[in-house]
Amino acid sequence: MMKYFLLFLISHTYFANAEYERVGLNKRWCDIRDFGAVATYQQPDITVADTNAAAIKEAFKNANLGLCGLYSRTVNVPKVLPFYFTSIFAFVRYEEHKFSIGWKADCSFQNIHLAKHKGTKESCGNADCHALDEINLSYFSNLSIIGSGTIDGQGYDWWWYSISCALPFANHTDTRADMLLISYSENILIDGITFLNSPKYHVNLKDCHNVTVRNFIIEVDVFRQKKMLSDAGFMDHRGIPTFPLNTDGIDPSASSVYIYNGSITNFDDAVAFKPCRSTNKFCKACSSGLVEDLTITYSVGLTIGSVPPNGDVNCVKDVVFRNIVMNKPLKGIYIKSNPGTNGMGLVQNISYSNVSMTEALWWPIWIGPQQMNQPDGTFLGCDMRYMFIIMFSSGLINNVIPF
């Protein structure tokens, strides 16, 4: 069964915190080539992509056990030709400090083929058939992903898949993958990486603490997205997409987040803080963080939410956005709730300062309910008629200049 390919084109990317050269057999780190990874400019068959994924996971495993030499807890993806691979699913059992790797059933690439060429309801996904996130790292402590390389999600076919299923079929399962999912982890550094064309979210931080993302580029081919959305009837007369492909930039459901010195180009949330709650492992109360020194093109904003009510209290608190330039944003400042009848959500102490917007395409400031439909058809959007159990308090908007 066909699996999804991801292009992993690297100019020295390290999954650790040391930058040294690999010299022959005198290994300083766990180089993925030593575990069978093969680089090529041409897209290989599925066997090579599977082999590369297995090699990267084996390198992680050996690095965790300290088996690769002087800087043995470093995994190196070298500066050579691109590496294609299928999904990487790896986690450390935090309490036991043991490393595990695994596969899950992946039939979503076949679904894309069927949706594009047959258009059957069966081709549009089901709850038992979901794409693996392209890089899925869970239960890590002190993880660094650093270098000057590029991760290319090759999302074009996935976007078409989402649109093709949305047109004739409601309530299909959106089986697209995130590019990088880090969950249940702490002390994370992502530095110098370029992320291109994710099928869905580019960087998804789920229940994490103490995360830094810096010196980065996140870029979606918005012109191809615009054309396909227009062809499908999902662009309005102003050229604004009316169907969200959810290719978000960075989505932290995390505490003590620092995001700085980067650029984001997309048609979805640039940075979107999602709520945390007390039952989480690391983000036990509220999402929080500082976002500064970014350049953003298009996007649906510097976002809080969405925040629906929850019996355990969904919370985003103490978030600062500052020194940010936004070019042609669909939305600029965006704080969004979601409907619900049980529990409570809290959005508190949110600050925006020194934010400039040029040629805003829609709403420079939107504080209120989320109104967009979702790609899987499970949420039909809402307007101000809905009742919410959400508290917005103690916010600051200072020196925000829309031109």
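Atoms considered below: every heavy atom in the structure, side chains included; atoms not considered: hydrogens, waters and symmetry mates.
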Which side-chain N or O atoms in residues 285-294 pair as donor and acceptor under 3.5 Å with protein atoms at least two apart or in another chain?
{"residue": "S287", "atom": "OG", "partner": "A254", "partner atom": "N", "Å": "3.4"}
{"residue": "S287", "atom": "OG", "partner": "K274", "partner atom": "O", "Å": "2.3"}
{"residue": "S288", "atom": "OG", "partner": "S256", "partner atom": "N", "Å": "3.1"}
{"residue": "E292", "atom": "OE1", "partner": "R322", "partner atom": "NE", "Å": "2.8"}
{"residue": "E292", "atom": "OE1", "partner": "R322", "partner atom": "NH2", "Å": "3.1"}
{"residue": "E292", "atom": "OE2", "partner": "Y258", "partner atom": "OH", "Å": "2.4"}

Measuring from atom [atom1] of [X] to atom [atom2] of [Y], what distance do you get when rounded to the nearest 0.5 angstrom?
| X | Y | atom1 | atom2 | result |
| --- | --- | --- | --- | --- |
| L137 | S183 | CG | OG | 8.0 Å |
| F273 | I250 | CZ | CD1 | 9.0 Å |
| S138 | N136 | OG | CG | 4.5 Å |
| T297 | I218 | OG1 | CD1 | 12.5 Å |
| F321 | Y352 | CZ | OH | 4.5 Å |
| I145 | L143 | CD1 | CG | 5.0 Å |

Which is it for V75 and I32 under the side chain to side chain contact (heavy atoms under 4.5 Å, CB included) test, yes or no, and what are the steps along the way?
CA-CA 7 Å; V75 174; I32 64 171; 4.0 Å; yes

[X] versus [Y]: any side-chain heavy-atom pair under 4.5 Å?
| X | Y | result |
| --- | --- | --- |
| W160 | L245 | no |
| F195 | V203 | yes |
| F60 | C30 | no |
| T51 | V38 | no |
| I151 | I193 | yes |
| N62 | F35 | yes |
| R176 | W159 | yes |
| I190 | I182 | yes |

May I have the step-by-step check of side chain to side chain contact (heavy atoms under 4.5 Å, CB included) for L189 and R214, ending in yes or no?
CA-CA 8 Å; L189 171 64; R214 66 191 185 196; 3.8 Å; yes

Can you list the residues that meet the side-chain contact (heavy atoms from CB on, under 4.5 Å) rule with L361, with sequence neighbours excluded?
I240, Y298, K328, L330

Under the side-chain contact (heavy atoms from CB on, under 4.5 Å) rule, collect the residues that match up with N187, sequence neighbours excluded.
S141, N142, N210

Counting N and O atoms only, with roles assigned by atom type, does the side chain of [X] sit under 3.5 Å from a partner on the main chain of [Y], one being a donor and the other an acceptor?
| X | Y | value |
| --- | --- | --- |
| N280 | F282 | no |
| S185 | Y139 | yes |
| D31 | R33 | yes |
| S253 | P275 | yes |
| K61 | K57 | no |

Establish, from distance only, whether the side-chain atoms of [X] and [Y] form a donor-acceptor pair under 3.5 Å.
| X | Y | answer |
| --- | --- | --- |
| D221 | N197 | no |
| N204 | D251 | no |
| T247 | D268 | yes |

Can you name the closest pair of heavy atoms from [X] and [Y] and give their distance?
| X | Y | value |
| --- | --- | --- |
| L181 | K206 | CD1-CB, 4.2 Å |
| H202 | G249 | CB-O, 3.3 Å |
| I264 | A270 | CD1-O, 3.5 Å |
| N52 | Y84 | ND2-O, 2.7 Å |
| K200 | D178 | CB-OD1, 3.7 Å |
| P369 | S337 | CA-OG, 3.5 Å |

Carefully, step by step, assess I56 and F83 under the rule side chain to side chain contact (heavy atoms under 4.5 Å, CB included).
CA-CA 10 Å; I56 294 170; F83 292 88; 5.7 Å; no

Under-4.0 Å salt bridge between K281 and D207
no

Sequence neighbours left out, what pairs pass salt bridge (Lys or Arg N to Asp or Glu O under 4.0 Å) with at least one residue falling in residues 222-233?
K227-D231

Taking side chain to side chain contact (heavy atoms under 4.5 Å, CB included) as the criterion, tell me which of Y156, F223, F234 meets it with M228.
Y156

Any disulfide (SG to SG under 2.5 Å) pairs touching residues 194-279, not counting sequence neighbours?
C276-C283

Please set out all donor-acceptor pairs under 3.5 angstrom arising from side-chain atoms of residues 301-315, sequence neighbours excluded.
{"residue": "T303", "atom": "OG1", "partner": "D269", "partner atom": "OD1", "Å": "3.1"}
{"residue": "T303", "atom": "OG1", "partner": "G301", "partner atom": "O", "Å": "3.2"}
{"residue": "S306", "atom": "OG", "partner": "N338", "partner atom": "ND2", "Å": "2.7"}
{"residue": "N310", "atom": "OD1", "partner": "D312", "partner atom": "N", "Å": "2.7"}
{"residue": "D312", "atom": "OD1", "partner": "S278", "partner atom": "OG", "Å": "2.7"}
{"residue": "D312", "atom": "OD2", "partner": "S278", "partner atom": "N", "Å": "3.0"}
{"residue": "D312", "atom": "OD2", "partner": "S278", "partner atom": "OG", "Å": "2.9"}
{"residue": "D312", "atom": "OD2", "partner": "T279", "partner atom": "N", "Å": "3.1"}
{"residue": "D312", "atom": "OD2", "partner": "T279", "partner atom": "OG1", "Å": "3.3"}
{"residue": "N314", "atom": "OD1", "partner": "R277", "partner atom": "NH1", "Å": "2.8"}
{"residue": "N314", "atom": "ND2", "partner": "P308", "partner atom": "O", "Å": "2.9"}

Could you walk me through whether T212 and Y260 satisfy the side chain to side chain contact (heavy atoms under 4.5 Å, CB included) test, starting with their C-alpha distance in whole Å, then the side-chain angles of each, then the deciding distance to 0.1 Å, before giving a yes or no?
CA-CA 8 Å; T212 297; Y260 69 99; 4.0 Å; yes

